[in-house]
Asker: 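I'd like to ask you about the structure that follows.
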Amino acid sequence: KLWHHIQSMDSFKLTKRQDTMFLAKLFQLKNTLKQYEQAFAHKPKILIFIRKKDQETSLHLPAFLNEVAPMITLYAGAEVLDANPEQYAGGEKQDVPNR
């Protein structure tokens with residue numbers, strides 16, 4: 001249900017490959033949650049981290065995502081410390097997520 005709603009949004013357009021990868025991750029998450037609940041008899045605390053753009057301080061979420069809004073944290077990418085050429089484009093450093 002969630003996937004069909006997100007997929008129809010204009011701001012969430014993916015290529016077919018990205019679409020398949022994203023859907024696979026949703027299924028993986030669903031299966032992992034099910035296994036966790038069976039093993040520990042409770043739901044885990046879930047946090048969602050989204051890399052923010054430039055000076056962005058908040059997200060504008062559609063109404064159907066309001067219940068997950070408290071779980072979302074925006075973060076800035078970390079500067080690249082090593083000289084890995086795959087992380088450079090046009091001579092400029094690219095953001096990579098904090099690990």
Side-chain angles (χ1 to χ4, degrees):
K1 180 181 172 183
L2 174 64
W3 176 243
H4 293 294
H5 199 67
I6 290 173
Q7 193 178 27
S8 68
M9 297 172 63
D10 287 337
S11 60
F12 199 83
K13 296 298 178 194
L14 302 175
T15 65
K16 288 186 180 199
R17 181 175 182 272
Q18 291 171 321
D19 187 70
T20 302
M21 290 174 58
F22 193 80
L23 192 55
K25 288 295 181 182
L26 286 177
F27 280 117
Q28 180 183 11
L29 179 60
K30 179 183 174 185
N31 292 334
T32 302
L33 284 173
K34 184 178 179 181
Q35 291 172 356
Y36 184 95
E37 289 176 23
Q38 289 173 348
F40 298 105
H42 65 86
K43 292 184 178 185
K45 180 180 179 184
I46 296 176
L47 300 175
I48 302 167
F49 292 88
I50 299 175
R51 185 169 45 183
K52 67 180 185 168
K53 298 177 185 175
D54 299 324
Q55 302 300 317
E56 191 174 42
T57 57
S58 65
L59 289 175
H60 300 287
L61 299 173
F64 75 95
L65 290 176
N66 285 341
E67 68 180 80
V68 297
M71 293 185 263
I72 297 174
T73 300
L74 292 178
Y75 70 95
E79 204 172 274
V80 178
L81 298 178
D82 61 346
N84 185 345
E86 295 166 355
Q87 295 174 336
Y88 289 86
E92 296 180 343
K93 291 183 179 180
Q94 301 296 307
D95 286 342
V96 293
N98 293 331
R99 297 181 188 174

Asker: Do L65 and I72 land in one hydrophobic cluster if side-chain heavy atoms of ILVMFWY residues count as linked below 4.5 Å?
Answerer: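 In one cluster with L65: I72, yes.
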Asker: Any side chain to side chain donor-acceptor pair (under 3.5 Å) pairs touching residues 15-24, not counting sequence neighbours?
Answerer: Q7-D19, T15-Q18
Asker: Please say whether more than 12 non-hydrogen atoms of neighbouring residues, nucleotides or ligands are located less than 6.0 Å from CE in M71.
Answerer: yes
Asker: By the ring pair (Phe, Tyr, Trp, His ring centres under 6.0 Å) test, which pairs, at least two apart or in different chains, include something from residues 43-72?
Answerer: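 Only H5-F64 qualify under ring pair (Phe, Tyr, Trp, His ring centres under 6.0 Å).
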Asker: Should Y75 and K52 count as side-chain neighbours, where that means a heavy-atom distance under 4.5 Å?
Answerer: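 SC-SC contact between Y75 and K52 ruled out.
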Asker: Distance-only criterion, 3.5 Å: show the donor-acceptor pairs between side-chain atoms of residues 38-48 and protein atoms not counting sequence neighbours.
Answerer:
none

Asker: For residues 25-32, tabulate all N or O donor-acceptor pairs below 3.5 Å that involve a side-chain atom, not counting sequence neighbours.
Answerer:
from, atom 1, to, atom 2, distance (Å)
K25, NZ, Q28, OE1, 3.3
N31, ND2, F27, O, 3.3
T32, OG1, Q28, O, 2.8

